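Before any comments, here is the structure.
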Number of protein chains: 2
Amino acid sequence: MANLTRLKHEFTRSSDFLIAIGDQTRQKIMIALLDEKVIHQGLQVTDLVGVTGLSRPAVSHHLKILKEAKIVDYRREGTKNFYYLTHQTKAIDQLKTLLDHITEVMACNQQR
Amino acid sequence: MANLTRLKHEFTRSSDFLIAIGDQTRQKIMIALLDEKVIHQGLQVTDLVGVTGLSRPAVSHHLKILKEAKIVDYRREGTKNFYYLTHQTKAIDQLKTLLDHITEVMACNQQR
DNA sequence: TTTAATGGTTTAAAATAACGAACGGATAGG
DNA sequence: CCTATCCGTTCGTTATTTTAAACCATTAAA
């Protein structure tokens with residue numbers, strides 16, 4: 001009962017995140033950002049254009065979505081914007097919670 | 001290095017699942033199916049039409065996507081199709097693995 | 001066999017998302 | 001001040017997704 005209401009909220013809460021990370025282009029961007037452990041100062045939009053093979057406006061568009069999903073953030077330096085992953089695990093944790101609850105409810109149904 | 005290659009594959013592997021569960025209508029369908037713990041014999045398409053407020057072809061379409069993502073399956077009884085959640089946790093587990101690895105790589109970057 | 005119920009598929013329309021060309025704003029360097 | 005660099009935004013186009021009307025197949029019931 002309350003379980004399903006909770007699930008409903010958790011689905012809603014994780015929707016943006018799910019949509020954000022479901023897209024192939026955005027996955028490429030995230031992987032590139034995960035990769036920059038050497039540089040560790042963020043990647044410029046121009047760099048990500050190279051990674052994705054898309055135009056700058058397209059990349060800019062995806063970065064906006066990732067930014068709104070709190071997955072990335074950026075820092076200005078002159079005219080340059082350095083994008084990096086917010087090292088927040090909040091969205092990840094919330095999604096994990098959702099997945100756990102789904103598993104839980106399924107297991108509960110399973111046994112009867 | 002190999003970490004990122006692995007992540008890339010895991011992203012690809014979970015893509016269908018992410019896209020499937022990111023949609024609001026499909027979330028409604030899944031919640032309805034999770035709810036049928038009393039009946040526990042599956043829900044008919046007509047039932048799901050009521051739940052979602054959409055037309056039958058639309059529901060049928062979403063069920064197809066959920067079916068291809070191995071999230072639901074169905075059983076025929078005469079002219080009736082009873083849809084239920086495959087109680088497979090494989091896709092869920094794979095996604096959890098992905099999330100764990102992301103967290104891992106992020107933590108690794110964090111410390112330097 | 002005829003009629004009703006159930007539901008998948010095809011088709012076409014509508015809504016949404018993704019995309020690049022062109023533009024403009026801000027900053028750095030000369 | 002002028003020029004170049006970097007990047008977001010606007011706009012119109014294209015691609016993809018979502019949707020329902022119409023159609024067809026299957027099965028059950030009369």
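Letters go in sequence order (proteins before strands), and every chain restarts at 1. Values reported hereafter were calculated over all heavy atoms of this structure, with side chains retained and with hydrogens, waters and symmetry mates removed. Note that the structure is a prediction, hence the values are computed from the model and not measured.
Between K70(A) and D16(A), none of the side-chain N atoms (NZ, or NE/NH1/NH2) sits under 4.0 Å from a carboxylate O, so this pair counts as no salt bridge. Salt-bridge check for R75(A) with E77(A): passed, with a basic side-chain N closer than 4.0 Å to an acidic carboxylate O.
Residues from residues 13-20 of chain A lying near DNA chain C, meaning a heavy-atom separation below 4.0 Å, are absent.
With a 6.0 Å radius and a threshold of 12 heavy atoms from other residues, nucleotides or ligands, K80(B) has its NZ atom at or below the threshold. Applying the 6.0 Å contact sphere to NZ of K96(A) captures more than 12 heavy atoms from other residues, nucleotides or ligands. Residue Q24(B) qualifies as open at atom CD: its count of foreign heavy atoms under 6.0 Å is 12 or below.
Separation of the F82(B) and Y74(B) ring centroids does not fall under the 6.0 Å cut-off.
Protein atom CD of E77(B) is 12 Å distant from nucleotide atom P of dA29(D), rounded to whole Å. Protein atom CZ of F82(B) is 12 Å distant from nucleotide atom P of dG8(C), rounded to whole Å. Atoms CG (L48(A)) and C1' (dC7(D)) sit 12 Å apart, rounded to a whole Å. Spacing between atom CZ of R76(B) and atom P of dT26(D) amounts to 10 Å, rounded to whole angstrom units. If you take CD of Q44(A) and C1' of dT5(D), they are 10 Å apart, rounded to a whole angstrom. Between the CG atom of L63(B) and the P atom of dT6(C) there is a distance of 16 Å, rounded to whole Å.
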Would you check, one step at a time, whether the test side chain to side chain contact (heavy atoms under 4.5 Å, CB included) holds for M30(A) with L7(B)?
CA-CA 10 Å; M30(A) 287 185 287; L7(B) 268 183; over 6 Å; no
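Minimum interatomic distance between Q27(B) and S15(A) (heavy atoms only, all atoms of both residues): NE2-OG, 3.1 Å. Considering all non-hydrogen atoms of both residues, R76(B) and T79(B) come closest at NH2-O, 3.6 Å.
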Nucleotides 9-20 of chain D: protein proximity per nucleotide (B base, S sugar-phosphate only, - neither; heavy atom, under 4.0 Å):
B--------SBB
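Residues Y83(B) and L66(B) are not in side-chain contact: their nearest non-hydrogen atoms beyond the backbone lie 4.5 Å or more apart.
Note on Y74(A): every side-chain N or O is 4.0 Å or more away from OP1 and OP2 of dC6(D). Proximity of N81(A) to the phosphate of dG8(D): a side-chain N or O atom is located under 4.0 Å from OP1 or OP2. The phosphate of dA5(C) has neither OP1 nor OP2 within less than 4.0 Å of any side-chain N or O from T46(B).
Atoms CG and CG, from D93(A) and L98(A) in turn, are 12.5 Å apart once rounded to the nearest 0.5 Å.
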Below 3.5 Å is the cut-off: list the nitrogen or oxygen pairs between protein and nucleotides 1-4 of chain C, distance only.
none

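Using a 4.0 Å heavy-atom distance criterion, Y83(B) is classed as a sugar-phosphate-only contact.
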